[in-house]
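The structure appears right after this line, and notes come after that.
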Amino acid sequence: MNEMTDCLFCKIVAGEIPSTKIYEDDYVYAFADIDPKAPFHAIIIPKEHISSANEITAENSGLIAKVFEAVATIAKQENLENGYRVVNNCGEDGGQTVHHIHFHLLARRNLQWPPG
Ligand code: AMP
Ligand code: ZN
């Protein structure tokens with residue numbers, strides 16, 4: 001199996017694994033985190049497989065811009081007027097467990113800084 005067919009989030013985009021959709025466009029999919037760390041916790045991903053922040057290039061960085069356009073759209077859609085946090089975990093020390101780049105959108109509680 002190659003990394004795309006074996007990838008949990010590629011399977012979610014393909015509808016092979018169920019998810020609770022929060023937002024979708026041609027480039028981006030957002031869904032509810034199965035183990036939420038805040039009262040509102042979305043996972044936002046480019047539909048195209050990029051393994052991690054380390055794999056962002058001049059060729060694919062437009063997809064990351066699309067992710068952040070989606071952040072602004074979701075914040076309005078979900079009335080997150082009190083604020084929110086966007087997190088990307090990269091690599092082992094960053095705590096990345098799913099190797100398809102994703103951005104956590106956390107909201108509806110006071111988020112501590114710095115994180116643990
Ligand atoms: P990370 O630790 O940054 O790689 O984040 C992976 C996130 O994916 C975690 O917050 C998990 O709770 C979440 N997750 C894992 N499997 C699923 C799933 N099937 N549906 C929704 N979220 C998931
Ligand atoms: Zn993938």
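Residue numbers count from 1 along this sequence.
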**Request:** To the nearest 0.5 angstrom, please state how far the OH atom of Tyr84 sits from the CD atom of Glu78.
**Result:** 12.5 Å

**Check: Arg108 side chain, Leu80 main-chain N or O, donor-acceptor pair, under 3.5 Å** = no

**Message:** Does Asn79 have more than 12 heavy atoms from other residues, nucleotides or ligands lying within 6.0 Å of its CG?
**Reply:** yes

**Item:** Atom pair CD1/NZ of Ile44 and Lys66 - distance to nearest 0.5 Å
**Value:** 14.5 Å

**Asked** Among Ile74, Asp33, Ile22, which residue meets the side-chain contact (heavy atoms from CB on, under 4.5 Å) test with Leu105?
**Response** Ile74

**Fill in**
OH of Tyr27 to CG of Leu63, rounded to nearest 0.5 Å, is 8.5 Å

**Item:** side-chain contact (heavy atoms from CB on, under 4.5 Å) between His99 and Cys7, worked out
**Value:** CA-CA 7 Å; His99 297 278; Cys7 170; over 6 Å; no

**Request:** Search all heavy atoms of Asn89 against all heavy atoms of Gly95 and return the closest pair with its distance.
**Result:** CB-C, 4.0 Å

**Message:** In terms of relative ring orientation, are Tyr29 and Phe31 parallel, tilted or perpendicular, with 30° and 60° separating the classes?
**Reply:** parallel

**Request:** Decide yes or no on side-chain contact (heavy atoms from CB on, under 4.5 Å) for Asn54 and Cys90, but give the supporting numbers first.
**Result:** CA-CA 8 Å; Asn54 278 333; Cys90 182; 3.9 Å; yes

**Request:** May I have all residue pairs that pass ring-ring contact (aromatic ring centres under 6.0 Å, His included) and include part of residues 45-70, sequence neighbours excluded?
**Result:** His49-His100, Phe68-Phe103

**Asn88 and His102, any side-chain heavy atoms less than 4.5 Å apart** = no

**Item:** Expected output: side-chain Lys21 to main-chain Ser19 donor-acceptor under 3.5 Å
**Value:** no

**Request:** Rounded to the nearest 0.5 Å, what's the gap from CD1 on Ile56 to OG on Ser51? Could you check?
**Result:** 11.0 Å

**Message:** Does any part of the side chain of Cys10, heavy atoms only, come nearer than 4.5 Å to the side chain of Thr5, both counted from C-beta?
**Reply:** no

**Prompt:** Same hydrophobic cluster for Val13 and Val98, using side-chain heavy-atom links shorter than 4.5 Å among ILVMFWY?
**Reply:** yes

**Message:** Measuring only between side-chain heavy atoms, which start at C-beta, is Ile43 closer than 4.5 Å to Phe9?
**Reply:** yes

**Prompt:** Does Tyr23 belong to the same Ile/Leu/Val/Met/Phe/Trp/Tyr cluster as Ile101, with side-chain heavy atoms less than 4.5 Å apart forming each link?
**Reply:** yes

**Complete:** Taken to the nearest 0.5 Å, the spacing of Glu55 CD from Ser61 OG works out to 13.5 Å

**Request:** Not counting sequence neighbours, which residues clear side chain to side chain contact (heavy atoms under 4.5 Å, CB included) with Thr57? List them please.
**Result:** Glu59, Asn60

**Request:** Ignoring hydrogens and angles, tell me if any N or O in the side chain of Lys47 forms a donor-acceptor pair with the backbone of Asp25 under 3.5 Å.
**Result:** yes

**Request:** Could you label the plane-to-plane angle of the His41 and His104 rings as parallel, tilted or perpendicular, counting under 30° as parallel and over 60° as perpendicular?
**Result:** tilted

**Asked** So, the side chain of Glu16 versus the backbone of Lys11: is there a donor-acceptor pair under 3.5 Å, distance only?
**Response** no

**Request:** Measure the CD1-CD1 distance between Ile45 and Ile50 for me, rounded to the nearest 0.5 Å.
**Result:** 10.5 Å

